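Lettering of chains follows the sequences in order, A, B, ..., and the numbering in each one begins at 1. Since the model is a prediction, treat every value here as computed from it, not as a measurement.
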Amino acid sequence: MLTVDALTKTYKTGDKALKSVSFTVPKGQVVGLIGPSGAGKSSLIRCINRLVEPSEGRVLLNDLNITGLPAGELRRARRRIGMIFQEYALVERLTVMENVLSGRLGYVGFWRSFLRQFAGDDVQNAFRLLDRVGLIDHADKRADALSGGQRQRVGIARALAQDPELLLIDEPTASLDPKTSRQIMRLIVEICEERELPAIINIHDVVLAQQFTQRIIGLKAGEIVFDGAPELLDESVLTRIYGEEDWTAMRRAAEEDDHAERDAAERMAGMI
Amino acid sequence: MPVTQTENGPAWHLRTPRARLALWAGWFALVALTVWCWQIMTKDTIWLFVMDAPQQAADIGSRMFPPRLSYIEKLLWPLWDTLNIATLGTMLGVIIATPVAFLAARNTTPSLLVARPIALFIIVASRSINSLIWALLLVSILGPGLLAGIIAIALRSIGFVGKLLYEAIEETDASQTEAIEATGASGGQVLIYGYWPQIAPAFWGISVFRWDINIRESAVLGLVGAGGLGLQLQASLNVLAWPQVTTILLVILATVVFSEWVSAKVRHAII
């Protein structure tokens with residue numbers, strides 16, 4: 001369980017990215033975090049594992065207060081929080097296997113990691129994860145040899161290698177095509193269900209968020225302006241979050257995407 | 001405001017009229033400066049000497065030819081010394097330059113106010129002194145010999161390698177290192193998993209490039225007593241043994257071509 005309590009972030013420039021944000025995510029719940037660019041979504045997600053240092057407030061993972069930890073213990077806490085990134089953020093010149101195993105770095109000493117001497121269990125687990133995300137045949141390839149969707153799967157496997165108690169996911173589909181986006185979202189949701197993992201997904205695509213998450217938090221200018229079930233997200237709420245826009249047109253475009261995807265799937269099925 | 005309004009609608013020029021005038025004045029000043037410098041330069045030239053330069057060159061050229069190839073026998077050992085000075089000096093320089101580069105890079109330095117200025121000073125100090133000068137100093141401190149040459153090469157290499165390497169570190173992709181940090185990795189692990197894979201091609205490229213330069217530099221270090229081919233070169237010049245000088249120059253040329261070939265191969269292999 002994750003508790004965010006009155007979290008505030010003020011940057012050195014004086015920009016208030018977050019203004020006293022509070023919410024709780026129970027076990028196994030997948031939360032979609034939506035809001036316009038600059039609303040503070042990215043800051044919020046990075047304040048939770050303190051890649052960005054919060055100015056005020058608390059973050060509790062189960063009963064551990066992350067905001068108060070000194071550097072060494074913060075590293076131990078970070079091991080329990082998996083993170084998945086927008087542009088995948090794989091180490092491009094390392095192999096897929098090394099990237100997945102880098103999820104174990106917090107558990108391995110410096111020299112063992114330098115010499116790539118990971119425990120046998122870690123390696124076996126990495127193979128299992130690669131199999132789960134469908135990349136078992138690519139273990140020896142360099143990360144920069146994979147396609148966007150495949151890279152994001154490696155990113156997911158790396159986060160899971162940490163054996164996390166929470167997933168932070170930053171725009172997982174921003175650089176993927178609509179079909180791959182859906183596949184990646186489906187994979188993330190399935191995995192969270194299997195492992196009863198709570199997850200926070202930063203996401204631009206409102207329709208995708210509604211389709212795959214169980215709860216939506218709308219952020220605007222650093223404040224929560226909506227927190228509820230995806231079904232409750234109607235025109236008036238979207239306008240409150242994003243401002244005036246023709247939402248029905250956007251929905252229709254998304255439906256077309258869906259149709260196109262189904263057509264493509266049927267055509268592929270017919271070919272096989 | 002390169003866009004101006006005319007009767008026929010807006011017109012566009014790359015520069016404003018004022019900028020065009022300034023540019024023209026700049027070029028004019030440059031030409032004037034060149035003419036003036038030429039006058040100062042030629043004022044003290046003794047033209048009689050310049051006139052017979054072709055004869056002088058032809059005279060030395062005829063004495064240098066044919067090269068005394070039998071002399072090569074005596075050059076093999078100094079050549080080996082020269083290669084060793086260059087290789088060991090480069091290795092020592094790179095070993096010292098790598099931590100200095102991490103201290104100097106804005107994104108990896110432990111402190112912007114203390115460590116970074118010190119590292120930058122080391123880099124600048126090393127770069128501002130030619131290896132021949134370093135060798136001159138070291139020969140008077142350590143006495144003549146290979147050791148002075150190796151250390152001179154190393155000291156000069158620190159700045160070169162350090163500067164290029166810290167620029168490579170600053171250009172790394174922050175999201176990759178952020179992702180490694182997010183897994184709970186320690187500072188050292190972020191260095192070897194996040195930064196190192198990104199700078200490894202630059203590291204090997206820079207090292208081999210510097211080794212290539214150092215072969216050339218170590219060939220002349222002997223002029224000030226730091227061992228290697230330069231020592232033979234000086235001895236031959238002193239007794240006006242021009243055919244031997246030619247042989248030495250040919251050996252240096254062959255060595256440089258060889259090192260160039262090796263460094264091209266290595267750089268091709270890593271990128």
Side-chain angles (χ1 to χ4, degrees), chain A residues 42 45-46 48-52 69 71-95 98-116 142-144 154-155 158-164 167-171, chain B residues 94-95 98-99 101-103 105-116 164-208 266-271:
Chain A
S42 198
I45 230 171
R46 282 173 171 72
I48 292 173
N49 64 356
R50 280 173 61 192
L51 284 177
V52 167
L69 297 177
E73 283 172 53
L74 172 63
R75 275 210 307 278
R76 268 192 290 282
R78 275 181 182 161
R79 301 190 305 199
R80 300 161 55 188
I81 306 173
M83 194 159 178
I84 297 169
F85 295 83
Q86 179 173 358
E87 303 276 355
Y88 331 122
L90 301 180
V91 182
E92 300 280 326
R93 293 178 50 84
L94 295 183
T95 62
E98 283 174 298
N99 268 292
V100 176
L101 285 172
S102 68
R104 300 303 296 170
L105 285 176
Y107 298 91
V108 180
F110 177 83
W111 289 107
R112 290 191 77 97
S113 58
F114 180 76
L115 299 168
R116 310 296 196 261
R142 240 168 67 164
D144 54 8
V154 178
R158 172 174 64 189
L160 293 179
Q162 287 173 240
D163 206 3
L167 279 183
L168 301 175
I169 309 177
D170 190 18
E171 302 283 359
Chain B
V94 167
I95 288 169
T98 307
F102 277 104
L103 293 180
R106 203 170 271 285
N107 46 353
T108 52
T109 186
S111 94
L112 276 173
L113 290 177
V114 185
R116 184 160 194 267
L164 292 178
L165 199 58
Y166 99 71
E167 283 172 357
I169 295 169
E170 288 187 348
E171 278 166 26
T172 51
D173 174 14
S175 71
Q176 297 182 30
T177 42
E178 190 187 34
I180 296 296
E181 216 182 318
T183 66
S186 66
Q189 289 173 325
V190 173
L191 226 55
I192 55 173
Y193 274 75
Y195 287 102
W196 181 255
Q198 295 191 60
I199 61 165
F203 174 85
W204 293 110
I206 294 164
S207 302
V208 175
V266 171
R267 266 183 284 176
H268 185 75
I270 49 179
I271 295 162

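- Looking only at distances, a side-chain donor or acceptor of A:Gln162 sits under 3.5 Å from a matching main-chain atom of A:Arg79.
- Of the two parts of A:Glu87, neither the backbone nor the side chain holds a non-hydrogen atom closer than 4.5 Å to a non-hydrogen atom of chain B.
- In this structure, chain B has a heavy atom under 4.5 Å from the side chain of A:Arg158, while its backbone stays farther away.
- Between A:Ile84 and A:Ala159, the closest heavy-atom pair is CG1-CB, 3.8 Å.
- Contacts of A:Leu90 with chain B are made by backbone atoms alone, with heavy-atom separations under 4.5 Å and no side-chain atom involved.
- Your options are A:Leu51, A:Ile81, A:Asn49, and the one with the most heavy-atom pairs under 4.5 Å with chain B is A:Leu51.
- Interface remark: A:Arg50 contributes no atoms to any contact with chain B (heavy atom separation under 4.5 Å).
- No side-chain heavy atom of B:Pro197 sits less than 4.5 Å from a side-chain heavy atom of B:Gln176.
- Between B:Ile206 and B:Leu164, the shortest heavy-atom distance links the atoms CD1-CB, 3.5 Å.
- With B:Thr109 contributing its side chain and B:Leu112 its backbone, the two residues share no donor-acceptor pair below 3.5 Å.
- The parts of A:Phe110 that come within reach of chain B are both its backbone and its side chain, each placing non-hydrogen atoms under 4.5 angstrom from that chain.
- Of the listed residues (A:Gly106, A:Ala161, A:Gly72, A:Ala89), the greatest number of heavy-atom pairs within a distance under 4.5 Å of chain B belongs to A:Ala89.
- Among residues 185-193 of chain B, the residues having any heavy atom closer than 4.5 Å to a heavy atom of chain A are, in sequence order, B:Ala185, B:Ser186, B:Gly188, B:Gln189, B:Ile192, B:Tyr193.
- Ranked by heavy-atom pairs under 4.5 Å with chain B, the list A:Gly82, A:Ala77, A:Ser102, A:Pro164 is led by A:Ser102.
- Interface remark: of the candidates B:Gly184, B:Ala200, B:Ser175, B:Gly184 forms the most heavy-atom pairs closer than 4.5 Å to chain A.
- Using a distance-only test at 3.5 Å, with no hydrogens or angles considered, no donor-acceptor pair links the side chain of B:Thr172 to the main chain of B:Tyr195.
- In this structure, the separation between CZ on A:Arg80 and CG on A:Asp163 is 11.0 Å, given to the nearest 0.5 Å.
- In terms of heavy-atom pairs under 4.5 angstrom with chain B, the leader among A:Glu92, A:Arg104, A:Glu98 is A:Glu92.
- For B:Glu170, the side chain to side chain contact (heavy atoms under 4.5 Å, CB included) test picks out B:Ala105, B:Arg106, B:Asn107, B:Arg116, B:Tyr166, with sequence neighbours left out.
- When side chains are defined from C-beta on, A:Leu101 does not count as touching A:Arg116, because their heavy atoms never get closer than 4.5 Å.
- Side chain of A:Asn99 to backbone of A:Val91: a donor-acceptor contact under 3.5 angstrom is found.
- Judged by distance alone, the side chain of B:Thr177 and the main-chain N or O of B:Ala174 form a donor-acceptor pair under 3.5 Å.
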